[in-house]
Amino acid sequence: LRVSSPTRPTVMPSRKLADCTPRFLTPFQAFAANALEAGVPLLLVQTLRSAEESAANIANGTSWVSDPLASKHVDAYLRGWTIHGADAADVVPYETYLLHGPDKLQLDAADPVWLKVRDCAQAAGLGWGVTQWRQVRGVRTLVQVDPGHVYWTGPIYGPLRGVVRV
C-alpha cells in the first residue's frame, strides 16, 4: 500500500498479500493452503483497488456493488476503519487461468472446481463468491456471478465512515 498521507492513501491496483488487512490475511492464507491441499493451486488476481477502479468495474460490469466504497477490495480506511488494506481478494484456479486468462466474465461459474474453492474458503472462515438474482428459464433465481471472490465476512463499513479525518 502506497500511502501519500496518513489520511488519504494513494492506492494502485494490487495483488500483494501485504496490501490486505490482518483480519483478512490470516484466513486467506489458510484458504490458499486448503485449496493447495485440495489439488487446486490458485493464482491471486487482485487484492487492493482504488475507489476509482471500483467505480470503473461497476461501470464495465465486473463488480456488482452499487457504491464504489462498498467493495471490500477498497482500502478499509476509506470505508471507515482504523486500518489500511483490502478485506477481499480475487483468485482463479491456476489451470482455469491458463485456459481463460484474467477476464472473470469468461469464467464458468458452473465448473465444479469452484465448489472446491468455495469449500476451502468457507473452511477458512471466509465468504465466497457473489450471487445475483437473475431470470433462469422464467424463474427468478440466485446465480453465482463471481466465483473467484473471497472476502472477510465482517461489516463493509467501519464506525468512522463519513467522519472527516485530518
Side-chain angles (χ1 to χ4, degrees), residues 1-4 8-25 27-28 31-32 35 40 42-81 83-94 96-111 113-118 120-122 124-136 140-158 160-162:
L1 177 65
R2 296 172 199 89
V3 179
S4 58
R8 198 74 179 145
T10 302
V11 180
M12 306 302 283
S14 174
R15 42 192 298 194
K16 294 179 183 176
L17 290 177
D19 286 339
C20 295
T21 63
R23 65 187 175 202
F24 175 69
L25 179 60
F28 180 84
F31 156 66
V40 185
L42 299 170
L43 177 70
L44 182 59
V45 176
Q46 190 171 53
T47 54
L48 189 65
R49 68 178 63 129
S50 69
E52 294 78 17
E53 185 182 10
S54 183
N57 288 350
I58 293 168
N60 71 25
T62 57
S63 179
W64 295 270
V65 295
S66 56
D67 171 12
L69 289 179
S71 171
K72 289 188 176 184
H73 288 280
V74 173
D75 187 8
Y77 192 85
L78 297 178
R79 294 182 285 113
W81 297 98
I83 57 175
H84 286 284
D87 282 321
D90 289 330
V91 299
V92 63
Y94 190 69
T96 303
Y97 176 80
L98 292 176
L99 289 172
H100 302 291
D103 184 356
K104 70 167 124 183
L105 295 179
Q106 299 302 316
L107 300 178
D108 180 5
D111 186 326
V113 73
W114 293 113
L115 298 178
K116 288 184 180 181
V117 172
R118 177 202 63 199
C120 293
Q122 291 174 344
L126 295 174
W128 168 80
V130 174
T131 54
Q132 196 173 51
W133 287 102
R134 297 210 174 148
Q135 291 292 327
V136 177
R140 191 164 186 238
T141 307
L142 269 178
V143 176
Q144 181 59 250
V145 293
D146 193 355
H149 181 70
V150 294
Y151 56 93
W152 175 64
T153 57
I156 294 169
Y157 299 111
L160 300 178
R161 180 179 185 217

Handout entry: Expected output: side-chain Glu52 to main-chain Ser54 donor-acceptor under 3.5 Å
Key = no

Handout entry: Heavy-atom side-chain proximity of Leu42 to Tyr97 below 4.5 angstrom
Key = no

Problem - Nearest atoms (heavy-atom pairs only) where Val113 meets Thr96 - result: CG1-OG1, 4.1 Å

Practice task
Mind checking the OG1-CG spacing from Thr62 to Asp90? Nearest 0.5 Å is all I need.
Solution key: 9.0 Å

Fill in the blank from the handout: Val74 and Pro68 have their tightest heavy-atom pair at CG2-O, 3.4 Å

Handout entry: Under 3.5 Å donor-acceptor, Trp128 side chain and Pro147 backbone
Key = yes

Exercise for the section: For Ser71 and His73, indicate whether the former's side chain and the latter's backbone hold a donor-acceptor pair under 3.5 Å. Expected result: yes

Handout entry: Close side-chain approach of His149 and Trp64, heavy atoms under 4.5 Å
Key = no

Handout entry: Candidate pair Asp87 and Arg79, rule side-chain contact (heavy atoms from CB on, under 4.5 Å), full reasoning
Key = CA-CA 11 Å; Asp87 282 321; Arg79 294 182 285 113; 2.8 Å; yes

Handout entry: Expected output: side-chain Thr153 to main-chain Gly127 donor-acceptor under 3.5 Å
Key = no

Exercise for the section: Calculate, to the nearest 0.5 Å, the distance between atoms NE2 and CG belonging to His84 and Leu78 respectively. Expected result: 8.0 Å

Problem - Within-4.5 Å side-chain heavy-atom neighbours: Val117 and Pro93 - result: yes

Handout entry: Test item: Thr47 side-chain N/O and Ser14 main-chain N/O as donor-acceptor pair under 3.5 Å
Key = yes

Practice task
Would you indicate whether the side-chain heavy atoms of Asp75 and Trp81 approach each other to under 4.5 Å?
Solution key: no

Practice task
Find the distance between CG (Asp111) and CD (Gln144) and round it off to the nearest 0.5 Å.
Solution key: 12.5 Å

Practice task
State, with a plain yes or no, whether a side-chain heavy atom of Tyr151 is found less than 4.5 Å away from one of Ile156.
Solution key: no

Practice task
Give the minimum heavy-atom separation between Asp67 and Ile58, together with the two atoms involved.
Solution key: C-CD1, 4.0 Å

Exercise for the section: Give a yes or no on whether Tyr94 atom OH has more than 12 heavy-atom contacts from other residues, nucleotides or ligands under 6.0 Å away. Expected result: no

Problem - Spatial distance of atom CG (Leu48) from atom NZ (Lys16) [nearest 0.5 Å] - result: 10.0 Å

Exercise for the section: Decide yes or no for Val150 and Phe24: does some side-chain heavy atom of the first lie under 4.5 Å from some side-chain heavy atom of the second? Expected result: yes

Exercise for the section: Decide yes or no for Arg49 and Asn57: does some side-chain heavy atom of the first lie under 4.5 Å from some side-chain heavy atom of the second? Expected result: yes

Fill in the blank from the handout: Looking only at heavy atoms, the pair that brings Leu126 and Phe28 closest together is CD1-CA, 3.8 Å

Handout entry: Minimal non-hydrogen separation, Phe31 against Val91, with atom names
Key = CZ-CG2, 4.1 Å

Exercise for the section: Could you check if a side-chain atom of Val145 sits within less than 4.5 angstrom of a side-chain atom of Arg134, using non-hydrogen atoms only? Expected result: yes

Exercise for the section: State whether the side chain of Lys72 and the backbone N or O of Gly154 hold a donor-acceptor pair below 3.5 Å, judged by distance alone. Expected result: yes

